[in-house]
Every structure is written in structure tokens, then in C-alpha cells.
Peer 1: 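Pasting in a structure now, in C-alpha cells, and then I'll have a few things to ask.
Each chain gets a letter, A, B and so on, in the order the sequences are listed, and its residues count up from 1.
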Amino acid sequence: MDTTKLSEQFQQKIDEDIKIEPQDWMPDEYRKTLIRQISQHAHSEVVGMLPEGNWITRAPSLRRKAILLAKVQDEAGHGLYLYAAGETLGITRDEMYQQLHSGKAKYSSIFNYPTLTWADMGAIGWLVDGAAIMNQVPLSRCSYGPYARAMVRVCKEESFHQRQGFEILLTLSKGNAAQRKMCQDAINRWWWPSLMMFGPSDNNSPHTAQSMQWKIKRFTNDELRQKFVDVCAEQVKFLGMTLPDKDLKWNEAKQHYDFGAINWDEFWNVVKGNGPCNKERLATRVQAWENGAWVREAALAYEDKKAARQYRYNTTQAESKMPAG
Amino acid sequence: MLQLIKKYYYGDYGEIEGGAAPAPGSNSREWPLWEVFIRSKQGLDHKHVGSLHAADAAMAIENARDVYTRRMEGVSIWVVESKYIHASNPDESDALYDPANDKIYRHPTFYQLPDELKYM
């Protein structure tokens with residue numbers, strides 16, 4: 001069958017909302033787009049552990065520490081679901097790690113910002129995880145089966161991440177003047193980078209149309225960003241805090257909030273590797289990989305030894321059953 | 001005897017697409033891939049939930065516990081190395097499933113019986 005015919009059948013399946021599974025025929029570009037998106041999503045979960053890992057030993061109570069540990073462990077798990085989904089497309093786990101470590105593959109730029117105070121754990125949960133959920137809920141209906149299934153799991157678990165973050169901020173917002181100031185400061189620093197998490201605006205996002213046609217994406221970057229702004233503008237009222245945007249205003253005609261211009265120069269600068277923590281984050285991942293080399297090798301050596309022992313045992317058994325003489 | 005660990009794709013990938021070929025340029029061996037099946041509670045079947053890498057079966061079960069049952073999702077775990085899964089080929093699904101298509105008399109609704117007939 002020729003490729004044109006296969007492409008037509010493929011698009012027809014997508015249009016009928018029939019999921020694509022790993023063994024099905026798919027256009028090379030669809031495979032490539034998914035490998036890029038899924039691996040970068042996985043890297044984001046893994047690198048995303050670092051800013052929060054920074055606060056595990058300094059959490060203000062045992063309760064907060066246990067919660068933060070559980071959240072960071074979830075993120076490791078989410079990374080693993082996603083790497084496994086990526087592998088179904090024919091790339092190996094090691095290749096994906098390699099692309100991360102060499103800087104070829106990107107991860108969400110938000111994790112290149114530092115976590116300066118405990119309130120940042122709250123702001124990350126509320127805003128960063130909130131933005132991630134906004135992105136991931138539609139992805140759980142994405143056309144590629146393994147990715148969609150991974151997203152269903154992730155979304156189920158992520159809800160606690162956002163709620164615990166908001167609870168941290170709510171607690172701080174009821175605290176003393178210094179605590180309230182810390183709360184507002186964290187919101188101020190995380191708000192704009194969170195809006196950038198949705199990616200470039202639609203007129204600057206060349207892949208959006210194709211991804212929507214393939215139902216990898218269900219909404220455009222700007223649609224999701226608007227939804228996020230609308231939700232947060234209401235939620236922040238419960239904290240008695242403000243979002244750092246003087247142009248944020250309810251627009252009765254549009255039934256949406258208007259908001260100020262995003263600093264895209266900052267966004268591209270961080271994507272290109274010049275954010276406050278890019279080098280540190282990547283170096284930490286590379287170091288973890290290198291320091292773990294002996295563990296990976298030892299486990300394989302042990303496996304080989306067991307296999308060799310089993311082989312010798314089997315051979316002796318076979319020999320002893322041979323008739324004598 | 002050293003067994004040669006090759007790259008196998010998850011689930012029903014199999015031999016097509018050169019699934020068993022090691023990635024070009026990769027010199028280090030990856031831990032093999034395992035498929036994970038979980039029984040969510042007594043009385044239900046084990047269901048495929050995903051895959052992971054582990055050096056051996058014991059490690060695969062421990063990792064599956066950490067990755068797939070952090071919230072009491074299971075009471076029993078099965079793991080099987082992905083290379084032992086054999087799957088039907090989607091390109092042959094027409095030939096494979098077609099014979100079942102025209103045998104509607106296998107379904108109870110095929111039979112026209114009086115409405116008054118009870119308990120059947």
C-alpha cells in the first residue's frame with residue numbers, strides 16, 4: 001500500500017477518534033512530533049524534581065516534609081510513565097537521557113528558575129502544577145494511546161499537587177506580615193513564568209495546526225493560557241493576594257480576563273539556556289546519571305552471574321541424566 | 001553464558017519495525033524492559049498498566065510497586081520481560097477477525113422468540 005493511501009486511512013482514524021497504538025502505521029512526522037513532545041514532557045517531570053528537592057530537608061514541619069516527598073516521588077513516577085510511552089515509538093530510554101544530557105532535548109523552562117523561599121513550594125504547586133494540569137487534561141484525550149493513558153494516570157495524581165500548594169499559600173496568607181509578604185513575593189516571581197509554560201502565542205507556534213489536526217493537541221497555547229488566567233484571577237482572591245499584572249481586568253464583553261503582554265524575550269532567553277538555573281539543573285542530572293553508572297553495571301553483572309550459574313546447573317543436570325558408558 | 005540483551009519494544013511491537021535491533025551507536029546495555037500487570041483487587045483480572053526497566057524479575061516487581069501502586073492500586077503484581085510477549089499483527093487483523101464477523105447467530109439476540117417467554 002502506498003504512503004498516500006496509508007496517510008488518508010491514518011487521518012480518517014484520527015477524525016473518528018480511534019486511538020493510534022504503537023504497532024499501527026503512522027506518518028514519520030507524527031512519530032517524530034510525539035517522540036519530541038513526550039520525551040520533553042518526561043524530562044520536565046524529572047528536572048521538575050530538582051527545584052522542590054531543594055526544600056525537602058527544610059520543610060517547616062514533618063507533615064509538609066512527608067507531603068513534599070510524596071509529591072517529588074510522584075514526579076519521578078510521572079517521568080517514568082512518560083519515558084515508557086516514548087519508548088513505544090521506537091526510541092530507547094538511554095537515547096532520551098542522552099538527548100537531555102547533551103542539551104539537545106529541552107524541558108519546561110519553568111524549572112530553570114530558583115526556589116528562594118518556602119512560599120515557592122506553594123506557588124509551584126498552585127501555579128506551575130496548575131498550568132501543567134491545564135495542559136495535561138486535554139492530553140489525556142490525545143490520539144496516541146500510550147501517551148493518553150499515561151496522562152490519565154498523571155492527571156489523577158497531580159490534583160493533590162496543586163491543592164497542597166494552594167494550602168501552603170493559604171496558610172502563609174493567614175500568617176504574620178513577613179509570611180504574607182513571602183507569599184506575595186513567591187506569586188510575583190512565579191506568575192509570569194507560569195504563563196509562559198503554555199508556550200509561544202498561536203501566531204508564533206508553527207506546529208500547532210498540524211498537532212491539532214492529528215489531535216495531539218486539542219486546544220491552542222493561547223486558549224489554554226486564557227483559561228488558566230481566568231481561573232487564577234478568581235483563585236487568588238481566596239489568598240487576599242494579587243497577581244503581578246496591572247493590566248489584569250475582567251472583560252465583560254469577552255467574558256474573559258484581559259491580561260498584560262508576556263515578555264517573550266525572557267522566554268526565549270531561558271529556552272536557549274540562559275535562565276538563572278539552566279546550567280545547574282543540567283549539571284545535576286548529568287552528575288546523577290554518571291554517579292549511577294556503577295549501580296546499573298553492577299545490576300547487570302549480577303544478572304549475568306546468575307544466568308551463568310543457571311546455565312552450569314542446567315548443563316550438569318543434563319549430563320547426569322545421560323546414560324553411562 | 002552471557003545472554004545478549006537486545007532492545008525489544010513494549011507490548012505488541014514484536015519483530016516488525018526492526019523491533020529487536022539495538023539502537024545504532026549505543027554501546028552500553030540497557031536494563032531489559034518489563035511489562036507490568038496489576039490486579040486491582042481480589043476477584044479481578046490482572047490488567048496491563050505499563051512498562052519499566054529492571055535488571056531482573058525481583059527488581060521489576062519492586063519498581064512496579066513504586067511506579068504503579070503508590071496509591072493502593074493493586075493487591076498483586078505480575079511482571080514479564082517484554083521480549084516474551086507475542087502479539088498479533090495489526091496488518092493481518094482483517095484476515096484474523098473477519099471470520100467472526102458474519103456469525104451473528106452466536107449472539108442471543110439473533111433468535112426471534114415470543115416476548116411472553118420468560119426466564120430465557
Peer 1: Would you tabulate the side-chain donor-acceptor contacts of residues 294-301 of chain A under 3.5 Å, counting partners in other chains and residues two or more places apart, or write 'none'?
Peer 2:
{"residue": "A/Trp294", "atom": "NE1", "partner": "A/Asn291", "partner atom": "O", "Å": "3.3"}
{"residue": "A/Arg296", "atom": "NH1", "partner": "A/Trp289", "partner atom": "O", "Å": "3.1"}
{"residue": "A/Arg296", "atom": "NH2", "partner": "A/Trp289", "partner atom": "O", "Å": "3.1"}

Peer 1: Rounded to the nearest 0.5 Å, what separation is found between the CD atom of A/Glu87 and the OG atom of B/Ser82?
Peer 2: 8.5 Å
Peer 1: Measuring heavy-atom distances to chain B, does A/Tyr302 have an atom under 4.5 Å in its side chain, in its backbone, in both, or in neither?
Peer 2: side chain
Peer 1: Identify all side-chain donor-acceptor contacts of residues 93-105 of chain B below 3.5 Å with residues at least two apart in sequence or on another chain.
Peer 2:
{"residue": "B/Ser93", "atom": "OG", "partner": "B/Pro90", "partner atom": "O", "Å": "2.4"}
{"residue": "B/Lys103", "atom": "NZ", "partner": "B/Pro99", "partner atom": "O", "Å": "2.6"}

Peer 1: Under 6.0 Å from the OH atom of B/Tyr111, do we count more than 12 heavy atoms belonging to anything else shown?
Peer 2: yes
Peer 1: How would you list, in number order, the residues of residues 153-168 of chain A that have a heavy atom less than 4.5 Å from chain B?
Peer 2: A/Arg153, A/Glu157, A/Phe160
Peer 1: Distance from B/Asn89 atom CG to A/Gln23 atom CD, nearest 0.5 Å?
Peer 2: 8.5 Å
Peer 1: Taking side chain as everything from C-beta outward and backbone as N, CA, C, O, which of these in A/Lys306 sits under 4.5 Å from a heavy atom of chain B? Side chain, backbone, both or neither.
Peer 2: side chain
Peer 1: Sequence neighbours excluded, which residues qualify as salt bridge (charged side-chain N to carboxylate O under 4.0 Å, His left out) partners of A/Lys13?
Peer 2: A/Asp24
Peer 1: Could you tell me if the side chain of B/His53 sits less than 4.5 Å from the side chain of A/Asp94, heavy atoms only?
Peer 2: no
Peer 1: Answer with side chain, backbone, both or neither: which region of A/Gln73 has an atom nearer than 4.5 Å to a non-hydrogen atom of chain B?
Peer 2: both
Peer 1: State whether the side chain of A/Tyr81 and the backbone N or O of B/Tyr68 hold a donor-acceptor pair below 3.5 Å, judged by distance alone.
Peer 2: no
